[in-house]
Amino acid sequence: MKLLIELPTWLGDTVMTTPAIENLIQHYPDSQITLFGSFVSIEALKNHPNITHTIIDESKKANNRFIWLYKQAKALDKFDLTLTFRRTLPSKFFHFFLQAKKKGYYKRYTKTQIHQAIRYNDFINQILNTTYQTDHLKLYYQPKIYQKPTLGINPGATYGSAKRWYPERFAEVAIALHKQYNIVIFGGPSETDMAADIEEVLQQQSITNYQNLAGKTSISELIEHIAGLTLFITGDSGPMHIASAYQIPTVSLFGPTKHIETSQWMNKQSSLIRHQIACSPCMKRECPLKTHECMKLITAKGVIEAAQQLLR
C-alpha cells in the first residue's frame, strides 16, 4: 500500500495523531508512507520506520499558494490512499488534485468533548471501517541519557501568551528543586526572552546546575532531551505531548484551553493543574479581559507539591 498522510501544522497535534497512524500501519503493515506537512510536523515523525518519503509544505512562501499545491500534487505518483488530518481549504485543494484510489478528509464525528487523540483515531476508524482503540502516543527518537536526575521546564507555548505561566514562577519552582535535579530550560526561537528571565533569576540565586536550551535545539534534539528527563513542568504545549509519548512524569499547567481535549494522553505519571473560573476555557491566544486570572491562580507552591507527589 502506498499512502500519503498530511499532518497537522502544530507539533502537539502531530504527536496526538500517532496512535491513529500506528493503527493505520497495523492495518496495512507493509505500507510505504509519504508524509506531507509543516517543517515541525515532518521533523517529529520523519524517522518512523514506515516513512519512505517526506514533503515539507512550503506553499505559504510561494507567490501563489494554490499553484504551488497544484504543481506538488501533480508531481506525485498515484497512491492507494491519501489522508489529511487538517480541515483547511488549501488542504482540500491539495488532496483534490492528488491521484489516489481513495481519499480521506478529517472531520469531527461528535460534538461531545473528547480528547483530540481519540478524534484523530476515530477518523482512521471511519476510513478503514475498523474499531481500533486509541493507544499511547508514540515517537521514534532515542532518549538522551542524562548523568543525573534532570528536571525540564518549558515556559513557552506557541499558540499564544494566554497559555503561558510566568517566568518568575518557573524560576521559583526551579530554585526549590535544584538540589534534587539538574535543570534544563526549553523553548523555541521566539521564547528565548522568557528562558533568559528564568536564567537571570537562577544566576541571582547562585544556582549553576542548569542549562538553557531555548532556541538552541532542533525538533529531533528537543524530543531526545525531553524523552530522557526525570521530571517535566510545562504549559499546554507541543513538548507536553512529547513527554507523554515517553511517559515522563509531568506537571502540566492549563488555563484558557480545553484540558479534556488536549491534556496529556495516557501518561500514568502526570498531574494537571488548573482552576475553573467563569471565563475559562476561553480558547483565546491572549487574555481578552487582560487579567490572565486562570494562570495567575496557579502558584509555584502548588506546582512544587504536585511535582514532589508524582515521584514519591
Side-chain angles (χ1 to χ4, degrees), residues 1-38 40-54 78-88 91-92 94-95 98 100-141 223 227 236 238 240-248 250 252 258-270 272:
M1 289 285 290
K2 292 185 64 177
L3 314 177
L4 180 139
I5 300 173
E6 181 179 15
L7 299 170
T9 300
W10 303 104
L11 176 60
D13 285 274
T14 296
V15 179
M16 286 189 285
T17 67
T18 58
I21 292 174
E22 291 297 322
N23 284 333
L24 179 66
I25 293 170
Q26 180 180 336
H27 197 76
Y28 299 121
D30 297 322
S31 58
Q32 297 181 347
I33 298 176
T34 295
L35 289 182
F36 179 81
S38 67
V40 169
S41 63
I42 294 293
E43 285 295 302
L45 302 191
K46 68 180 182 181
N47 63 338
H48 190 291
N50 284 72
I51 304 304
T52 58
H53 189 47
T54 60
K78 188 173 182 179
F79 295 94
D80 295 293
L81 173 64
T82 65
L83 300 167
T84 175
F85 284 101
R86 304 189 67 205
R87 295 190 295 168
T88 64
S91 175
K92 291 179 180 178
F94 174 67
H95 281 259
L98 288 171
K101 295 177 182 177
K102 186 176 181 180
K103 300 178 183 181
Y105 299 86
Y106 169 71
K107 62 181 292 187
R108 294 187 169 203
Y109 296 98
T110 176
K111 293 183 179 180
T112 304
Q113 277 196 36
I114 58 175
H115 200 279
Q116 189 61 44
I118 299 176
R119 289 196 189 280
Y120 288 140
N121 195 60
D122 284 349
F123 165 53
I124 294 300
N125 278 331
Q126 286 285 335
I127 295 299
L128 301 179
N129 192 27
T130 53
T131 57
Y132 291 121
Q133 296 298 304
T134 311
D135 209 338
H136 292 84
L137 310 183
K138 189 170 180 62
L139 294 169
Y140 286 83
Y141 287 96
I223 294 171
D236 177 14
M240 181 191 74
H241 297 292
I242 293 171
S244 183
Y246 290 93
Q247 299 290 291
I248 303 303
T250 300
S252 54
K258 297 176 181 178
H259 67 288
I260 294 174
E261 296 188 356
T262 60
S263 60
Q264 282 212 319
W265 176 248
M266 293 185 75
N267 186 354
K268 296 179 181 179
Q269 301 188 87
S270 64
L272 188 151

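Computed over heavy atoms, backbone and side chain alike; hydrogens, waters and symmetry mates excluded. We count residues from 1, following the sequence as given.
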Inset, instruction - Output yes when a side-chain donor or acceptor of Lys258 lies under 3.5 Å from a complementary backbone atom of Ser263, and no otherwise. - result: no

Legend entry - Smallest separation among heavy atoms of Ile127 and Gly104, with atom names: CD1-CA, 3.6 Å

Inset, instruction - Check whether any side-chain heavy atom of Lys107 sits under 4.5 Å from a side-chain heavy atom of Phe123, and report yes or no. - result: no

Inset, instruction - Kindly determine whether Ile242 and Leu11 satisfy side-chain contact (heavy atoms from CB on, under 4.5 Å), including the steps that lead there. - result: CA-CA 9 Å; Ile242 293 171; Leu11 176 60; 3.8 Å; yes

Legend entry - Distance-only donor-acceptor check, side chains Gln116 and His241, under 3.5 Å: no

Legend entry - Any residue meeting side chain to side chain contact (heavy atoms under 4.5 Å, CB included) with Thr110, in chain and number order, not counting sequence neighbours: Thr112, Ile114, Arg119

Inset, instruction - Mind running side chain to side chain donor-acceptor pair (under 3.5 Å) on His48 and Glu22 for me, showing each step along the way? - result: CA-CA 10 Å; His48 190 291; Glu22 291 297 322; 2.9 Å; yes

Legend entry - For Ser38 against Pro8, the heavy-atom pair lying closest together: OG-O, 4.1 Å

Legend entry - Main-chain N/O of His259 paired to Thr262 side chain as donor or acceptor, under 3.5 Å: no

Legend entry - Verdict with supporting geometry, Leu45 and Leu139, side-chain contact (heavy atoms from CB on, under 4.5 Å): CA-CA 7 Å; Leu45 302 191; Leu139 294 169; 3.6 Å; yes

Inset, instruction - Report yes or no: do Ser244 and Asn267 form a side-chain donor-acceptor pair below 3.5 Å? - result: no

Inset, instruction - Enter the distance from Leu3:CG to Thr52:OG1 here, rounded to the nearest 0.5 Å. - result: 9.0 Å

Legend entry - Aromatic plane relationship, Tyr106 with Phe85 - under 30° parallel, 30 to 60° tilted, over 60° perpendicular: tilted

Inset, instruction - For residues Gln26 and Tyr132, report the shortest heavy-atom separation together with the two atoms involved. - result: NE2-CE2, 3.6 Å

Inset, instruction - Please report the shortest heavy-atom distance between Pro19 and Thr134, naming the atom on each side. - result: CB-CG2, 3.9 Å

Legend entry - Gap separating the CG atom of Leu24 from the CD1 atom of Ile124, nearest 0.5 angstrom: 5.0 Å

Legend entry - Result of checking Asn50, Asp80, Ile33, Leu81 against Tyr28 for side-chain contact (heavy atoms from CB on, under 4.5 Å): Leu81

Legend entry - Inter-residue atom distance Thr54.OG1 - Ile42.CD1, 0.5 Å rounding: 5.5 Å

Legend entry - His136 versus Met266, closest heavy-atom pair with distance: CD2-O, 3.4 Å

Inset, instruction - Check whether any side-chain heavy atom of Ile5 lies under 4.5 Å from a side-chain heavy atom of Phe36, and answer yes or no. - result: no

Inset, instruction - Report yes or no: does Asn23 contribute a side-chain atom to a donor-acceptor pair with the main-chain N or O of Gln133 at less than 3.5 Å? - result: yes

Legend entry - Side-chain (Thr34) to main-chain (Leu4) donor-acceptor, under 3.5 angstrom: no

Inset, instruction - Measure the spacing between OH of Tyr120 and CG of Leu83 and express it to the nearest 0.5 Å. - result: 13.0 Å

Inset, instruction - Report the C-alpha distance between Met1 and His27 in whole Å, list the side-chain angles of each, state the deciding distance to 0.1 Å, and finish with yes or no for side-chain contact (heavy atoms from CB on, under 4.5 Å). - result: CA-CA 10 Å; Met1 289 285 290; His27 197 76; over 6 Å; no

Inset, instruction - Output yes when a side-chain donor or acceptor of Thr250 lies under 3.5 Å from a complementary backbone atom of Ser252, and no otherwise. - result: no

Legend entry - Interatomic spacing from NZ in Lys2 to CG in Asp30 - rounded to 0.5 Å: 15.0 Å

Inset, instruction - Give a yes or no on whether the backbone of Lys101 and the side-chain of Lys78 come within a donor-acceptor separation of less than 3.5 Å. - result: no

Inset, instruction - Quick one: list whatever passes side chain to side chain contact (heavy atoms under 4.5 Å, CB included) with Lys268, sequence neighbours left out. - result: Gln247

Legend entry - Cation over ring face, Lys138 and Tyr140, 6.0 Å, 45°: yes

Legend entry - Polar side chain donor-acceptor pair, Thr14 to Thr17, under 3.5 angstrom: no

Inset, instruction - Check the side chains of Glu6 and Ser91 for a donor-acceptor pair under 3.5 angstrom, ignoring hydrogens and angles. - result: yes

Legend entry - Within-4.5 Å side-chain heavy-atom neighbours: Gln32 and His53: no

Inset, instruction - Under the ring pair (Phe, Tyr, Trp, His ring centres under 6.0 Å) rule, what do Tyr246 and Tyr141 come out as? Steps first, then yes or no, please. - result: CA-CA 10 Å; Tyr246 290 93; Tyr141 287 96; 8.4 Å; no

Inset, instruction - Nearest 0.5 Å please: distance from the CG atom of Leu98 over to the OG1 atom of Thr82. - result: 5.5 Å

Legend entry - Over all atoms of both residues, closest heavy-atom pair of Ala117 and Leu137: CB-CD2, 4.4 Å

Inset, instruction - Taking Trp265 for its side chain and Asp135 for its backbone only, find out whether a donor-acceptor pair lies under 3.5 Å. - result: yes

Inset, instruction - Answer whether the closest heavy-atom distance between the side chains of Arg86 and Thr9 falls below 4.5 Å. - result: yes

